[in-house]
Number of protein chains: 2
Amino acid sequence: MKRDSRLSSVLHALLHMAEQKELMTSEQLAICMCTNPVVVRRTMGLLRDAGLVTSARGPSGGWMIAADLEKVTLRDLHEALGEPAIFAIGNRNESPGCLVEQAVNAALDGAFADAEALLLDRFAKVTLAKLSADFNRRHAAHRARS
Amino acid sequence: MKRDSRLSSVLHALLHMAEQKELMTSEQLAICMCTNPVVVRRTMGLLRDAGLVTSARGPSGGWMIAADLEKVTLRDLHEALGEPAIFAIGNRNESPGCLVEQAVNAALDGAFADAEALLLDRFAKVTLAKLSADFNRRHAAHRARS
DNA sequence: CTAAATCGTAATAAACGAAGTTACATGAAG
DNA sequence: CTTCATGTAACTTCGTTTATTACGATTTAG
Ligand code: FES
Ligand code: FES
């Protein structure tokens with residue numbers, strides 16, 4: 001299955017924006033992330049709808065973070081993206097008439113539900129501020145080495 | 001979204017085979033599961049390679065369970081299927097040169113690794129025997145109602 | 001007012017992977 | 001030898017994600 005990488009993408013974009021503190025255009029973000037400006041606008045548009053970033057049109061337009069880095073978590077971003085399906089594995093048939101399938105689905109669904117709960121919980125504990133701090137640690141270590 | 005449903009499929013097939021105790025042909029299994037005999041053979045072939053079932057050709061050929069129902073877990077089946085990717089969400093770029101992306105990937109990978117560990121752990125605790133017992137409970141309840 | 005820059009969005013194509021299908025070879029039973 | 005069933009390769013179909021093209025709408029500068 002083709003994996004949805006939008007969460008990874010928007011995180012990358014947001015951290016760049018957090019570093020840079022200035023407006024960034026979708027073209028700049030696209031070049032930086034090796035993708036297309038339209039893809040950036042489409043994805044960032046979902047974050048704007050959730051109030052996490054703002055966009056402005058015209059010359060001197062672009063994108064800016066609109067939320068508190070301490071408050072925004074990976075889970076907020078996941079939700080802003082429409083809570084895409086997490087698992088690439090699933091039941092063959094969601095509405096089974098067959099009792100065998102019901103027993104199978106019950107077992108699988110329980111396990112998946114628990115794993116999903118754990119993942120979302122982990123997401124909820126990571127803020128953009130923490131990620132930014134992590135980046136700065138790596139950056140300092142990187143400069144120290146060279 | 002197109003999800004890998006082979007685990008669900010083989011479970012269904014195995015429980016049917018456990019009930020029926022006799023050889024079943026890929027054609028029978030395919031009819032029962034609303035799919036194609038070749039798909040059944042392809043998928044069950046992986047289980048055969050793992051020693052979980054046996055297959056016989058020719059007239060009076062077919063498929064049979066070759067393992068102890070008490071010992072085979074969902075995790076064994078997942079492994080027999082080649083440990084397919086579990087998540088439909090992932091990093092944009094697995095080998096990033098950029099430090100921002102490294103920070104993002106580290107955070108996401110950690111969360112996904114924990115969720116995967118939990119899921120596989122849950123899988124390891126469910127044996128075919130337990131599923132079969134669960135089915136029989138449902139079946140008894142079903143007959144009681146009608 | 002005009003021109004340039006930028007977002008907003010629809011429509012379409014490309015890329016990819018899972019499942020389904022066709023076709024035929026291989027081997028076992030009678 | 002004939003029949004039945006598996007083994008497998010090749011191809012098609014389908015759904016999803018990402019990329020691309022195209023153009024309209026809005027804002028700023030001069
Ligand atoms: S690509 Fe992450 S540094 Fe710009
Ligand atoms: S489809 Fe045969 S009962 Fe599950």
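Residue numbering restarts at 1 for every chain, and letters A, B, ... go by the order of the sequence lines. Hydrogens, waters and symmetry mates are skipped; everything else that's a heavy atom, side chains included, is used.
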Quick one: label G62(B) by what it contacts on the DNA or RNA (base, sugar-phosphate, nothing), any heavy atom closer than 4.0 Å.
sugar-phosphate
Here the distance between atom C1' of dA4(C) and atom CD of E27(A), to the nearest Å, is 14 Å
Which nucleotide in dG8(C), dA19(C), dT6(D) has an atom nearest any side-chain atom of D4(B)
dA19(C)
With respect to the side chain of S5(A), which nucleotide from dG8(C), dT18(D), dT21(C) is positioned closest?
dT18(D)
Rounding to a whole Å, what distance do you find between I89(B):CD1 and dT17(D):P?
10 Å
Rounded distance (Å) that lies between atom C1' of dT21(C) and atom CD1 of I31(B):
16 Å
By the 4.0 Å heavy-atom rule, please label R6(A) as base, sugar-phosphate, or nothing.
sugar-phosphate
Verify the contact: side-chain N or O of S55(A) to OP1 or OP2 of dC7(C), cut-off strictly under 4.0 Å; return yes or no.
no
Would you tell me if any nitrogen or oxygen in the side chain of R92(A) comes within less than 4.0 Å of OP1 or OP2 on dG20(C)?
yes
Could you check how far CE of M64(B) sits from P of dA5(D), rounded to whole Å?
16 Å
Are OP1 or OP2 of dT6(D) and a side-chain N or O of R48(B) less than 4.0 angstrom apart?
no
How close or far is atom C1' of dT6(C) from atom CE of M44(A), stated in whole angstroms?
14 Å
Decide yes or no on side-chain contact (heavy atoms from CB on, under 4.5 Å) for S8(B) and L108(A), but give the supporting numbers first.
CA-CA 8 Å; S8(B) 169; L108(A) 289 179; 4.0 Å; yes
Assess whether one donor atom and one acceptor atom, taken from the side chain of R41(B) and the base of dT6(D), lie less than 3.5 Å apart.
no
Measure from CG on L46(A) to P on dT9(C) and round the result to the nearest Å.
10 Å
Taking only the side-chain nitrogens and oxygens of T25(A), find out if one of them lies under 4.0 Å from OP1 or OP2 of dA5(C).
no
Side chain of P59(B) (C-beta onward), nearest among dT3(D), dT8(D), dT22(C):
dT3(D)
Tell me yes or no: between the side chains of T43(A) and R6(A), is some donor less than 3.5 Å from an acceptor?
no
Between dT18(D), dT21(D), dT22(C), which one does the side chain of V38(A) approach most closely?
dT21(D)
Report, as yes or no, whether the 6.0 Å neighbourhood of atom CD on E79(A) holds more than 12 heavy atoms from other residues, nucleotides or ligands.
yes
Should the ring pair F112(B) and F123(A) be called parallel, tilted or perpendicular, given that the plane angle runs from 0 to 90° and is split at 30 and 60?
perpendicular
Looking at R138(B) and D134(B), does any basic side-chain N land under 4.0 Å from a carboxylate oxygen?
yes
Is S60(B) near enough to dA29(C) that one of its side-chain N or O atoms lies under 4.0 angstrom from OP1 or OP2?
no
Which nucleotide in the set dG27(C), dT17(D), dC7(C) lies at the smallest distance from any side-chain heavy atom of K2(A)?
dT17(D)
Do you know which two heavy atoms are closest between A80(B) and L52(B), and how far apart they sit?
CB-CD1, 4.0 Å
In whole angstrom, give the distance that lies between atom CG of L81(A) and atom P of dT17(D).
12 Å
Using whole Å, what does the distance between atom P of nucleotide dG7(D) and atom CH2 of W63(B) come to?
4 Å
N/O donor-acceptor pair, side chain R42(B) with base dG20(C), under 3.5 angstrom:
yes
